[in-house]
Every structure is written in structure tokens, then in C-alpha cells.
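In the text below, chain A, chain B and the rest are named by the order of the sequence lines, each starting its count at 1.
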Number of protein chains: 2
Amino acid sequence: MSGTNKRRITSKELAKLAGVSSATISRAFSPDSRIGRATRDRILAVAREYGYQPNAIARSLNNQRSRLVALVVNAIGNPCEAEEQQLLVHRLQARQLLPIILCCADHSDRLQLMRLASTYQVDHVVIFSDMVSMQDAVDIFHTTKPIIVSFEPLENENVSSIRIDGSAAADAIIDKIVRDGKKRFAYLSGTNSSWIDKLRRSWFAEALAKRGLAFEAQAFGDYSYDSGFKEAVLLLHRDKVDAIISGNDVMAIGARDAARRVLGRNTPGDIAIIGQDGIAMAAWDCNDLTTLSLDHVAFIDAVVELIERHDAGIEGPHSITLTCTPRWGSTA
Amino acid sequence: MSGTNKRRITSKELAKLAGVSSATISRAFSPDSRIGRATRDRILAVAREYGYQPNAIARSLNNQRSRLVALVVNAIGNPCEAEEQQLLVHRLQARQLLPIILCCADHSDRLQLMRLASTYQVDHVVIFSDMVSMQDAVDIFHTTKPIIVSFEPLENENVSSIRIDGSAAADAIIDKIVRDGKKRFAYLSGTNSSWIDKLRRSWFAEALAKRGLAFEAQAFGDYSYDSGFKEAVLLLHRDKVDAIISGNDVMAIGARDAARRVLGRNTPGDIAIIGQDGIAMAAWDCNDLTTLSLDHVAFIDAVVELIERHDAGIEGPHSITLTCTPRWGSTA
DNA sequence: ATCATGTGTGCACACGATTACACAGATGCA
DNA sequence: TGCATCTGTGTAATCGTGTGCACACATGAT
């Protein structure tokens, strides 16, 4: 019984064992279907005895519903996304949905991967990555009717999206930095020019413009600690800035380390460093980062809400807007 | 054509469009099957035109191979595992295998989740979590013949495992700490008593025993930064230890912060702090942790190797052993 | 011309479940 | 009793592919 690798038993075989038809087996496993109380109990007992469980692949084929959800992410290790991924996976599993992770550095590989996932007839698609074009996604997943998307809105009946508004929080942060006397601002991008990167940058750019200021320097990293470290050295040394707005928290930590270690500058006195995301690590004692943070729970609540509407078959593209708040630390 | 949500076209419909039978369609998509060169080209052209792709669910049902792989993990955000998860996901995808993530805090929920995944006829199972009993795993996945397992070896024809040996590295690390004059050692566990936690602890315990020493204190965290911080305060204040061996790197960072911030102690002078895992963050300038590290690439190579043997149908339980090495930082 | 061989295609069934439909028996009501 | 209604079960079709078998045709050797 335990550990032996017999072939899995099928519904037809179980039917013979229980002295019923395979249709009745199926009914015993469907919560609300016409079946006698006694019959169901007997079948479930026999099923337990022989370790029977309905084959989800066969069921999916018949149902036209796979209960699989594709999650397209930039990276699994990346803390910025990991916390949200973790939450979402839990929420999905509570709804008996299984997440398939699609994660790819290269662009054409990513499209290939999305096509592969689409052949598995996934019921929903959640796109965390800012590297994928929504139009590509729509083209590939045009059968799973609406697709759930973070960030990038697209005028398409099949796309629901979550919009993020960080302008008020950025304004509050810039306000404090300016009052502290900082004058030369730099923006440290996470990618060359993704949709979300431009959006985040614009919040701060507008806050600066309102005060007659602008970014005096611009650097491009790749969202990693190392790139934050390296670019910060350049910004501080070459451009002599005294405030760095980073595209995410991890690069901000790298920048802080660079300022402290390589150039002997301290925050917030010599230089202000601002993160974005509000990951747990930002609040660690050794970091204590000032950051524009998004409520991860609210974000995932929104994703789940969109998935539920999709599941319920409510028509039309949906959109939910979330606003960010500042987290005040000792780096600004 | 783009973004419209027509129903996906089936092989039978495409057959009609291309003027062949559905069997021929199938053959056009199977790399080595007897089909005329010209016919295949024509079919592929028509398929591209109508956006046809074979339905993987139906294929899985027929094939008895789903090309799905279940990954059982403790947490997605957890950096200790995330780097390996990331690597593995890439390697799987290169082999056209799709990873399903199973991630659960609660024990009975986890079993439930594994049962759910098993109904999807996953081809392989990789268990990263030290919280799941191998016997449970074997019972649940007894149809997917061998299952791939990290860490815990189990005498079972269906289980292949990867063994980790950190004894030599632990010995080298203890050697240095003892020479530095440290005398009172504490072990900071990540879980109450998981298999891997006991194993890791034993490497250091033996190294101490060899020198006539032993752990004088023991604390239990949960692999998180916060628990490392909290438990370290107790260990340093109550037990007056001067060396802490942590079950992973993240808790070690928490312990270091606690020592520095709450009690004003510095490493490695006042106290030695040792991590385990060798995650990228350990090498960040702000951390520079001394840690017993495992080569993640080699680890994932081993996992993939086991999966390939499984795929190739090579019988028998397999096992691969990896050895750890020390990473020297400024915390010991 | 005959036969062996090889190539390309269609037919029909299998994979393991769900479900519309039909039907037998029980129940209720007049 | 006669008829309508409801309950529980079986039959058979269906979901979309893959593949063994049969067969038609082309090729080549004798």
C-alpha cells in the first residue's frame, strides 16, 4: 500500500470494484450532483481504500478548465517580487488553482515559454514582469479570455490591469529631501526603459518640477545590488549628486553601501538615498531605508479580485488603482 | 487576428482546412514520424496562419506524460532557496518542462496541496522543503515512479536524493574561531527539528567535540531575519556566548544586527557569527558574512542530473553527494 | 513482369474523466 | 388506481491528441 508504484487506478476500474458505473464514480466526486447519499459514501470509502483520485488532466480536457494559472515573472530570487509572488501563490492555492512559473531572462525565450504555457490551456495569466509587451501577451493567450496584468494598462477587452499611483508619496519624499537642503538629484533606473520604470521616474520628476528642479543625472542598473553599488559610485564621483532616487530597494541598498564604503559618505547627512517597493528587507535594522512603498497585501488582494471576476465570467476589462505611501527610514 | 478571443482551433478543424486527416496533423508536429516533407511544410504553414498549436492537456492524457514538475518549497521569498529555485526553473524550462510551485506554511495544507498536484500527473517531484516527510511524499506520488528529493535519503526504490556534506567546511570554520579565542558556542536552529537542521548542526557539533568543546546554548528561530535578531539578543544577554552558528545566512544577518545595535558588540572581535547557505546577499558589502556555503550551480546540476536519469527510465534509487566550502567574511 | 521493400496517409481506438439523455422505481396527490 | 413528479443510476457521446494497423502507391532488384 505505501510506496509501491502501482499504476494509478482509473474511474472505470473503481466502478467495477464498487459495483457501479463510471458515471456514478464521477458524481461521487462532484459536490452537487444527483447521487444517493449511501452510494456516495460507499464509493468514497472504496476510493480511499484503493487510493483513487480523479485524474485532473482528463477532467481538464473535458471541462475546458485546467485550473492552472501562469505567473510571468522577471526572477524568482528577486526580493521585490518574491514577497508578492509568495502571497499570490498562497491565495491561488487556497482556491485550488495551481501556479505555473514562467521566468526567463531572454526576450525571445520568454515568448517561447509563454506559448508553451498557453498550450496547457491555463485559465488565467498574471504578468509581474515589466519586460513583456502586453500586446505579445494578448496575442499568445487569446483563448484565455481576459488576462490579468500588473501595471501596464492596454486598451483591450481581454486585459484587466492594476494601476499604481505613487505621485503623492513621491511628492512627500521629495518635499523632505528638498527641505533638508539637497540640490542635485539623480535617478537610478532598473531597466533601460520599461513601462514601469518610466512611470516610477515620472512621479519623482513631477515632484521635482513642481519645485523648479529636475534630475541632473541618470544611471541605468538592472535592479541588482551590484548594479546599484557600481552606478552609485559613478553618480557620486562623476556627477557629484547629493540625492539618489533608485528604481527599487535592492539597488538603493547597493548605492548606500557604495556611498558609505567607497566614498565615506553617510545618509541622510551627506546624501539622501530613496528606494522603491517597500520590501521587508528595507525595514531591517542594517538597512532602515527610506522608500516609496506599495502595500503588498493590497496589491495581491487586487490581483485575486481580478481573477475572481474573471472566474465568475464578469465581462469587460477591469482596472484597480492602488496608491503608494512613504516609509521613512534613516537614508533620507 | 490579434487579440480577438476566438476559441482555439483543434486538430480536426485544421485537418479539414489543410485537406488531410487529423492523424497527419499530429504527425506534422511530432519531430520523427513518417510524414512527407511537403505535407508537413504545408500543414505548418496553415497552422501558423490559423494560430493552431497542439493542446498539451489532450496530449498529456494520451501520452501519459504531462511534462509538469512539482516543486515543493518552504517559501518563495526566502533567499536561501530562491537562488536555487531560480536556477532550477531555468534548467527545467530549457527542457520544455513546466514547474508547478507548491508552497505552504501549514503541514496538513501542504499534504493536501501535494495530493492536488499529484492529480495533475506530474512527471517529477522536487522537494526543497525540509518540512515534508519523505514517506508522505512517496505515498502521495507513488504513481510518478521515482521522485527526486533533496537532502533526506530514504530507503525506497522510488526516491533519489542529494546528500550534502559540510563536515570539512564546518571543521575549518570552527578551527579558526577557536584559534581566535572564542569559548562559548551557541547553535541557532532554523526549525524545531527538521532533518536538515539536525544534519547541519551535527557538522559543527562534531568539529567542536573533536576539540573537547560543545554547544553551550541552543535557540530556535524560523529562518527569518527577525527571529535571528530576537534569538541573538537572548543568546548574548542571557547565555553570554561569544560565537553563534546560525542555521542559515538570513538569521545570521539578523543576529549580527542584534549584536551590533542592541548590545554594541562587533564581529569578529567581540563575537563570531557564522551563516549557512552562501546566498548572494552574504557577500554584499554591508554583510560580508562568514558562512558555510554550498555551490548552488552544482546543486542544481545534481537535481537536473537526477531528473534526466528519471526521464531516461534508468532504474534504481540514485544518490549524489555534494560538499560545502567555507566563505570567509568579516564576521568570524 | 513479379515481388520485396519503403514511404505516406487514413481509420479507428485509446487516454480518463464529465454530462445530456433516457429510464426504472419510488413517492405524492387526486 | 392512474398519473405526475422526483430521485438515482446507466448508456453513450464528448473533450483533442497520439498511434497501431491497414492500405495505396512508388521504387528497385531480379
Side-chain angles (χ1 to χ4, degrees), chain A residues 6-44 46-47 50-68 96 116 118-123 143-144, chain B residues 6-44 46-47 50-68 96 116 118-123 143-144:
Chain A
K6 296 187 288 209
R7 197 176 49 73
R8 187 175 291 260
I9 197 179
T10 82
S11 96
K12 205 165 293 182
E13 295 170 304
L14 189 70
K16 202 153 287 176
L17 290 167
V20 295
S21 80
S22 75
T24 305
I25 299 293
S26 170
R27 284 190 266 257
F29 282 87
S30 305
D32 15 61
S33 59
R34 297 199 332 201
I35 184 177
R37 170 89 187 190
T39 319
R40 162 171 283 153
D41 290 347
R42 183 162 49 88
I43 289 177
L44 291 182
V46 182
Y50 289 91
Y52 170 81
Q53 289 209 242
N55 181 326
I57 296 289
R59 168 185 289 166
S60 300
L61 178 59
N62 185 292
N63 275 352
Q64 311 279 60
R65 286 189 83 234
S66 64
R67 303 197 73 79
L68 295 174
Q96 305 271 90
L116 177 60
S118 87
T119 67
Y120 278 81
Q121 323 289 35
V122 293
D123 286 344
T143 54
T144 72
Chain B
K6 297 188 287 208
R7 197 176 47 76
R8 188 175 291 262
I9 196 177
T10 82
S11 96
K12 205 166 294 184
E13 296 170 304
L14 188 70
K16 201 153 291 176
L17 290 168
V20 294
S21 78
S22 78
T24 304
I25 301 292
S26 170
R27 283 189 265 257
F29 283 88
S30 305
D32 13 63
S33 59
R34 298 201 332 202
I35 183 177
R37 171 87 189 189
T39 320
R40 161 171 285 151
D41 290 348
R42 183 163 46 88
I43 289 178
L44 291 183
V46 182
Y50 289 91
Y52 170 82
Q53 289 210 240
N55 181 327
I57 296 288
R59 168 185 286 167
S60 300
L61 178 59
N62 186 297
N63 275 352
Q64 311 280 60
R65 284 189 86 235
S66 64
R67 303 197 74 79
L68 296 173
Q96 305 270 89
L116 177 59
S118 87
T119 67
Y120 278 80
Q121 324 290 29
V122 293
D123 286 344
T143 53
T144 73

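- Protein atom CZ of A:Arg65 is 19 Å distant from nucleotide atom C1' of D:dT14, rounded to whole Å.
- Counting atom types as modelled, B:Arg59 pairs no side-chain N or O with a base atom of D:dG18 as donor and acceptor under 3.5 Å.
- Within the 4.0 angstrom heavy-atom criterion, no nucleotide atom of any strand lies near B:Gln121.
- Between D:dT14, D:dG18, D:dT17, one nucleotide has an atom nearer to the side chain of B:Asn63 than all others, and that is D:dG18.
- Between C:dG10, D:dT17, D:dT9, one nucleotide has an atom nearer to the side chain of B:Ser21 than all others, and that is C:dG10.
- For A:Val20, the side-chain atoms get nearest to D:dG10 when compared with the rest of D:dG10, D:dT19, D:dC15.
- Closest approach of B:Ser66 and B:Asp123 over heavy atoms only: N-OD1, 3.2 Å.
- An OP1 or OP2 oxygen of C:dA17 is reached within less than 4.0 angstrom by no side-chain nitrogen or oxygen of A:Ser22.
- Between the P atom of C:dG8 and the CZ atom of B:Arg42 lies a distance of 14 Å, rounded to the nearest Å.
- What separates CZ of A:Arg67 from P of D:dC15 is a distance of 22 Å, to the nearest Å.
- Side-chain nitrogen and oxygen atoms of B:Ser11 include none within less than 4.0 Å of the OP1 or OP2 phosphate oxygen of D:dG16.
- Residue A:Lys12 comes nearest to A:Ser22 through the heavy atom pair CA-CB, 4.1 Å, listed as atom of the first residue, atom of the second, then distance.
- Closest approach to the A:Ala23 side chain among D:dT11, D:dA22, D:dT7 is made by D:dT11 (side chain taken as heavy atoms from C-beta onward).
- Among the nucleotides D:dG10, C:dG10, C:dA17, the one closest to any side-chain atom of B:Thr24 is C:dG10.
- Among pairs with a residue in residues 55-64 of chain A, those fulfilling side-chain hydrogen bond (donor to acceptor under 3.5 Å, both in side chains) read A:Asn55-B:Gln121, at least two apart in sequence or across chains.
- Between A:Ile57 atom CD1 and C:dA14 atom C1' there is a gap of 16 Å when expressed in whole angstrom units.
- Across D:dC15, D:dG20, D:dT9, the shortest atom-to-atom separation from the side chain of A:Gln64 is found for D:dC15.
- For C:dA17, the OP1/OP2 oxygens have no side-chain nitrogen or oxygen of A:Ser60 closer than 4.0 Å.
- Evaluation of atom-type donor-acceptor distances gives a pair under 3.5 Å for the side chain of A:Arg27 against the base of D:dG10.
- Contact check for B:Arg42 versus B:Val20: side-chain heavy atoms found under the 4.5 Å cut-off.
- Inter-residue side-chain proximity for B:Leu17 and B:Tyr52 is flagged as unmet; no heavy-atom pair is nearer than 4.5 Å.
- If you take CG of A:Leu61 and C1' of C:dG16, they are 9 Å apart, rounded to a whole angstrom.
- Going from atom CG of A:Asn55 over to atom P of D:dC15 covers 18 Å, rounded to whole Å.
- Nearest nucleotide to the A:Thr39 side chain, out of C:dC11, D:dG10, D:dG8: D:dG8.
- Residue B:Arg34 contributes atom CZ, which lies 15 Å from atom P of D:dA24 at whole-angstrom precision.
- Look at B:Ser26 and you'll find a side-chain N or O under 4.0 angstrom from OP1 or OP2 of D:dG18.
- Mapped onto DNA chain D by nearest heavy atom, B:Ser30 and A:Asn62 fall at different nucleotides, with A:Asn62 at the one closer to the 5' end.
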Inset, instruction - Apply side-chain contact (heavy atoms from CB on, under 4.5 Å) to A:Arg8 and A:Gln53, showing your working. - result: CA-CA 8 Å; A:Arg8 187 175 291 260; A:Gln53 289 209 242; 4.2 Å; yes

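- One can place OH of B:Tyr52 at 3 Å from P of D:dT17, the figure rounded to the nearest angstrom.
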